[in-house]
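Residue numbering restarts at 1 for every chain, and letters A, B, ... go by the order of the sequence lines. Note that the coordinates shown come from a computational prediction; the quantities given were computed from them, not determined experimentally.
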2 protein chains.
Amino acid sequence: MPLMPASTRTRTDTPAAADRQRADTRSAILDTSERLVQVRGFNGFSYGDVAGELAITKAALHYHFPSKADLGEALITRYAERFAAALAAIDADGGAAPAKLDAYADLYAAVLREERMCLCGMLAAEYQTLPDPIRVAVIDFLDANEVWLARVLESGRDAGTLHFAGSAADTGQSIVSGLEGALLVARPYGGVERFETAARRLLAGLTGTA
Amino acid sequence: MPLMPASTRTRTDTPAAADRQRADTRSAILDTSERLVQVRGFNGFSYGDVAGELAITKAALHYHFPSKADLGEALITRYAERFAAALAAIDADGGAAPAKLDAYADLYAAVLREERMCLCGMLAAEYQTLPDPIRVAVIDFLDANEVWLARVLESGRDAGTLHFAGSAADTGQSIVSGLEGALLVARPYGGVERFETAARRLLAGLTGTA
DNA sequence: GTCTATAACGAGATAGAC
DNA sequence: GTCTATCTCGTTATAGAC
């Protein structure tokens, strides 16, 4: 690669390369912002923080995401898509219902291992300060999770591998809130032990392995 | 009462009256700030918000609480004291362990009815952005709750009214995280139904009334 | 697409009068 | 104790050059 300062070379020699770079920068912004929101909250990070980490300017950020609300919307949208893909992957694995629930809880544990809060849980805490489109996306994310869980729970009950009182929908809500709470409380203590303990107990109540 | 603008009269005619007013203003600041933190988060409210609501100036706020960190510390300290008093009151009621757990969950429900998050849960979400003294207070608050719960759980197990696998300490942690999560997730939806459903399921697993 | 420069505003905080 | 006035800094956001 020729030694040429980024400020003096074009970096986009063809239209296709320009598209690629736009997408790359956009992704990098989303990656950094996502982590900052999960660690510090939507009200706890700034364009300046992101620009500093990526060594670009705040103005460049505003080119990709005109307002912070736009950025937040893009963040939760992408997060929800990735989560939906993860749920589809669990389904594709073809495991039984209890294994699916374990895999689901592992998604949360992976977040905690990076010392983050669930993006949606963090936004739920800040809900009252969020622009309306983000609020809607938070609700949609929670609903999608609970719908998926309800389906898994019903199939497990039908197969006799899961046992729970009340509706599958209510039970799904309890799982989401239980795991979100386990993340929330575990993070200040550091490590995943507290989360694992709470998650195990939560799922054990459904499989009867208590 | 003589019609005299607050700006022209002394309002503190005696030293005792001065003390009373200092305490009153301080309480009013704490009350308003506490609600704002529980609704919007520690990073989601400002001295200006509090001053505006109380119709005093920001400078007056700084007299009572020089820095925002000081205010935050006072907030969680008072909150923890009030919570400890509420737990003592539950103990004083002399109910059995299951009734104590119900009363404990009701403390959370009361918070949600005011459309707030638990102060400690909110601060847990913002943990990475908080000054160190507040972080310590958050941990202390969680620990105190879990110690109290562990004691109730053990007495219930001894009396045969509560049944749970694993240690009382771990179970106490699960209850705290379960209720905090139920608050967190319920608030965006409005109403207490979601919380009540999750709380009932959580406690039903301990009393065997599932 | 990214930059420099700057606008416009709000934040936390302090000084000094009353 | 509370005020007015001010400071300094950080924030989101925009304009215009390259």
Name the atoms and distances for all side-chain donor-acceptor pairs under 3.5 Å in residues 191-200 of chain A, with sequence neighbours left out.
from, atom 1, to, atom 2, distance (Å)
A:Arg194, NH2, B:Glu146, OE1, 2.8
A:Arg194, NH2, B:Glu146, OE2, 2.5
A:Thr197, OG1, A:Glu193, O, 3.0

**Message:** Rounded to whole Å, please give me the gap between CG in A:Asp24 and C1' in C:dT2.
**Reply:** 15 Å

**Complete:** Letter by letter from the 5' end, nucleotides 4-18 of chain C scores (B base, S sugar-phosphate only, - none; protein heavy atoms under 4.0 Å) B------SBBBB---

**Message:** Closer than 3.5 angstrom, by distance alone: can the side chain of A:Ser155 be matched with the main-chain N or O of A:Val152 as a donor-acceptor pair?
**Reply:** yes

**Complete:** When rounded to whole Å, the CG to P distance for the pair B:Asn43 and D:dG10 reads 16 Å

**Prompt:** Do B:Val39 and A:Thr129 have side-chain heavy atoms sitting under 4.5 Å apart?
**Reply:** no

**Message:** I need the CD1-C1' distance between A:Ile56 and C:dG1, as an integer number of Å.
**Reply:** 10 Å

**Message:** Test side-chain hydrogen bond (donor to acceptor under 3.5 Å, both in side chains) on B:Ser174 and A:Arg201; report intermediate values, then the result.
**Reply:** CA-CA 8 Å; B:Ser174 292; A:Arg201 177 177 303 269; 3.3 Å; yes

**Request:** Round to the nearest Å and state the distance from A:Arg26 atom CZ to C:dG1 atom P.
**Result:** 12 Å

**Request:** Rounded to the nearest angstrom, tell me the gap between atom NE2 in A:His64 and atom P in D:dA13.
**Result:** 16 Å

**Request:** Round to a whole Å and report the spacing from OH of A:Tyr63 to P of C:dG1.
**Result:** 4 Å

**Prompt:** To the nearest Å, how far apart are A:Arg40 CZ and D:dT11 C1'?
**Reply:** 14 Å

**Asked** With a 3.5 Å cut-off and no angle check, do the side chains of B:Ser67 and B:Asp70 form a donor-acceptor pair?
**Response** yes

**Request:** Could you tell me whether A:Asp31 and A:Arg78 have a side-chain N and a carboxylate O separated by less than 4.0 Å?
**Result:** yes

